[in-house]
Number of protein chains: 2
Amino acid sequence: MTGVRVGRQMTEMLKGTLEGIVLAILSVQPAYGYDITARLREQGFTDIAEGTVYALLVRIERNGLVEVEKVPSEKGPPRKVYSLNTPGRAYLDEFWVTWGFLADRLGQLKKEGN
Amino acid sequence: MTGVRVGRQMTEMLKGTLEGIVLAILSVQPAYGYDITARLREQGFTDIAEGTVYALLVRIERNGLVEVEKVPSEKGPPRKVYSLNTPGRAYLDEFWVTWGFLADRLGQLKKEGN
DNA sequence: CCCAGTACTTAACGCTACTATGTACCAGTA
DNA sequence: TACTGGTACATAGTAGCGTTAAGTACTGGG
């Protein structure tokens with residue numbers, strides 16, 4: 001009822017890339033889940049659900065890519081502020097390499113298609 | 001030519017995009033599974049398994065995106081030659097739009113990260 | 001008191017690529 | 001004949017990711 005469903009193609013394409021997107025956001029400056037969700041929506045990912053982001057944050061924390069700090073909020077429950085640590089930055093670098101390769105290949109394919 | 005070793009990141013990123021890659025290959029000219037696998041490897045996807053491609057071909061056929069023709073081979077069992085049909089081309093166009101959006105966002109994020 | 005906005009959690013689910021294994025056809029060769 | 005290697009396709013089982021859907025909890029204004 002609420003909101004248009006994310007297309008199947010986008011959903012599948014986000015697998016693997018959404019993680020990189022969030023890490024890239026965190027590499028600029030620390031942030032908390034609610035904020036990240038809002039920023040993603042501003043940037044055009046209008047249909048990303050909150051649950052998706054929180055689940056992702058749990059995972060990258062479990063994988064040791066981020067540090068977490070609880071910060072009290074004036075408007076609601078305490079925020080969990082995530083910041084990239086050293087392994088997280090290395091992982092993000094790796095992500096950009098992988099992405100670069102893929103973007104390269106697809107750029108080539110698209111050119112050949114026309 | 002430096003083949004990227006398929007790690008976890010690449011595996012996840014290929015979800016959604018591998019389908020588009022194969023459809024893009026088919027949009028240039030019809031091809032069969034064994035051939036597509038070989039071409040992917042030539043293009044740097046050195047670790048794509050045959051099984052992955054065949055499963056994908058089964059899926060896009062089931063989804064009505066391709067036509068299939070059995071063509072005898074001189075060197076082995078008959079080939080199943082796949083070609084894009086009209087829905088397949090429409091789907092590929094949609095794929096490029098989705099990809100374009102994602103590549104755009106990530107390009108922006110990468111720029112901000114430096 | 002209720003409600004809207006803020007903020008986080010998590011089980012169940014669908015989809016995709018991967019792994020591993022199997023079948024089958026053919027040419028060369030010893 | 002038997003064996004090997006290259007060609008060609010099929011598929012069950014598995015892991016991982018994003019999504020859905022439901023929930024908890026804190027705050028300030030009507």
Side-chain angles (χ1 to χ4, degrees), chain A residues 1-23 31-41 45-63 65 68-82 95 98 102, chain B residues 4-23 31-41 45-63 68-82 95 98 102:
Chain A
M1 303 317 235
T2 60
V4 179
R5 235 183 262 161
V6 173
R8 196 189 63 81
Q9 286 189 352
M10 182 60 96
T11 291
E12 291 307 321
M13 249 188 250
L14 281 175
K15 291 184 181 176
T17 59
L18 183 59
E19 185 179 86
I21 290 168
V22 169
L23 291 176
Y32 56 99
Y34 193 79
D35 186 34
I36 293 169
T37 305
R39 285 203 228 169
L40 286 172
R41 290 190 174 148
F45 298 99
T46 51
D47 297 328
I48 300 270
E50 278 191 85
T52 298
V53 174
Y54 287 114
L56 192 156
L57 290 170
V58 166
R59 192 176 75 237
I60 63 178
E61 182 186 359
R62 191 176 58 234
N63 292 352
L65 304 177
V68 191
E69 194 190 357
K70 253 191 179 157
V71 176
S73 165
E74 295 163 358
K75 296 181 181 175
R79 297 165 175 167
K80 285 182 72 175
V81 176
Y82 294 81
F95 168 81
T98 307
L102 210 60
Chain B
V4 169
R5 229 167 92 100
V6 174
R8 195 189 63 78
Q9 287 190 352
M10 182 59 98
T11 292
E12 291 307 322
M13 250 188 251
L14 280 176
K15 292 181 181 177
T17 59
L18 183 59
E19 186 178 86
I21 290 168
V22 169
L23 291 177
Y32 55 99
Y34 191 81
D35 185 35
I36 292 170
T37 305
R39 285 203 228 169
L40 286 171
R41 290 190 174 147
F45 298 99
T46 51
D47 295 330
I48 300 269
E50 278 192 85
T52 299
V53 174
Y54 286 114
L56 193 158
L57 290 171
V58 166
R59 194 175 73 237
I60 63 177
E61 181 185 357
R62 191 176 57 233
N63 293 351
V68 191
E69 193 190 358
K70 252 190 181 158
V71 177
S73 165
E74 294 161 2
K75 296 179 179 176
R79 299 165 173 166
K80 283 182 73 176
V81 176
Y82 293 81
F95 169 81
T98 307
L102 210 60

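A note on names: the letters A, B, ... follow the listed sequences, proteins ahead of strands, and every chain is numbered from 1.
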5' precedence on DNA chain D between A:Gly16 and A:Lys75 (nearest-nucleotide basis)
A:Gly16
Between A:Thr17 and B:Asp35, which is nearer to the 5' end of DNA chain D once each is assigned its nearest nucleotide?
B:Asp35
Check the distance between [N]'s [atom2] and [X]'s [atom1] and give it to me in whole angstrom.
{"X": "A:Lys70", "N": "C:dT9", "atom1": "NZ", "atom2": "C1'", "value": "11 Å"}
{"X": "A:Arg62", "N": "C:dT9", "atom1": "CZ", "atom2": "C1'", "value": "13 Å"}
{"X": "A:Leu57", "N": "D:dT19", "atom1": "CG", "atom2": "P", "value": "13 Å"}
{"X": "B:Leu40", "N": "D:dA8", "atom1": "CG", "atom2": "P", "value": "16 Å"}
{"X": "B:Glu50", "N": "D:dG6", "atom1": "CD", "atom2": "P", "value": "13 Å"}
{"X": "B:Arg39", "N": "D:dT7", "atom1": "CZ", "atom2": "C1'", "value": "16 Å"}

Checking only heavy atoms, does the side chain of B:Lys15 share a donor-acceptor pair with the base of C:dT16 at less than 3.5 Å?
yes
Can you see if the side chain of [X] gets near the phosphate of [N] - specifically, an N or O under 4.0 Å from OP1 or OP2?
{"X": "B:Arg59", "N": "C:dC15", "value": "no"}
{"X": "B:Ser73", "N": "D:dA8", "value": "yes"}
{"X": "A:Tyr54", "N": "C:dT9", "value": "no"}
{"X": "A:Arg79", "N": "C:dC8", "value": "no"}

[X] side chain: which of [options] is closest?
{"X": "A:Pro77", "options": "D:dT20, D:dA25, D:dC9", "value": "D:dA25"}
{"X": "B:Ala49", "options": "C:dT19, C:dC25, C:dT6", "value": "C:dT19"}
{"X": "B:Leu18", "options": "C:dA17, D:dT7, C:dT19", "value": "C:dA17"}
{"X": "A:Tyr32", "options": "C:dA7, D:dG18, C:dT19", "value": "C:dA7"}

Using a cut-off of 4.0 Å on non-hydrogen atoms, how would the nucleic acid contact of [X] be classed: base, sugar-phosphate, or nothing?
{"X": "B:Glu74", "result": "sugar-phosphate"}
{"X": "B:Lys80", "result": "sugar-phosphate"}
{"X": "B:Gly51", "result": "base"}

Determine yes or no for a side-chain-to-main-chain donor-acceptor pair under 3.5 angstrom, with A:Tyr54 supplying the side chain and A:Tyr34 the backbone.
yes
A:Gln9 (side chain) donor-acceptor with B:Phe95 (main chain) under 3.5 angstrom:
yes
Any side-chain heavy atom of B:Val22 sitting closer than 4.5 Å to one from B:Tyr82?
no
Might you point out which heavy atoms bring A:Arg39 and A:Ala31 nearest each other, and give the distance in Å?
NH2-CB, 3.5 Å
Measure the CG-CG distance between A:Leu18 and A:Leu56 for me, rounded to the nearest 0.5 Å.
5.0 Å
Along DNA chain C (nearest heavy atom to each residue), the more 5'-positioned of A:Glu12 and A:Ala55:
A:Ala55
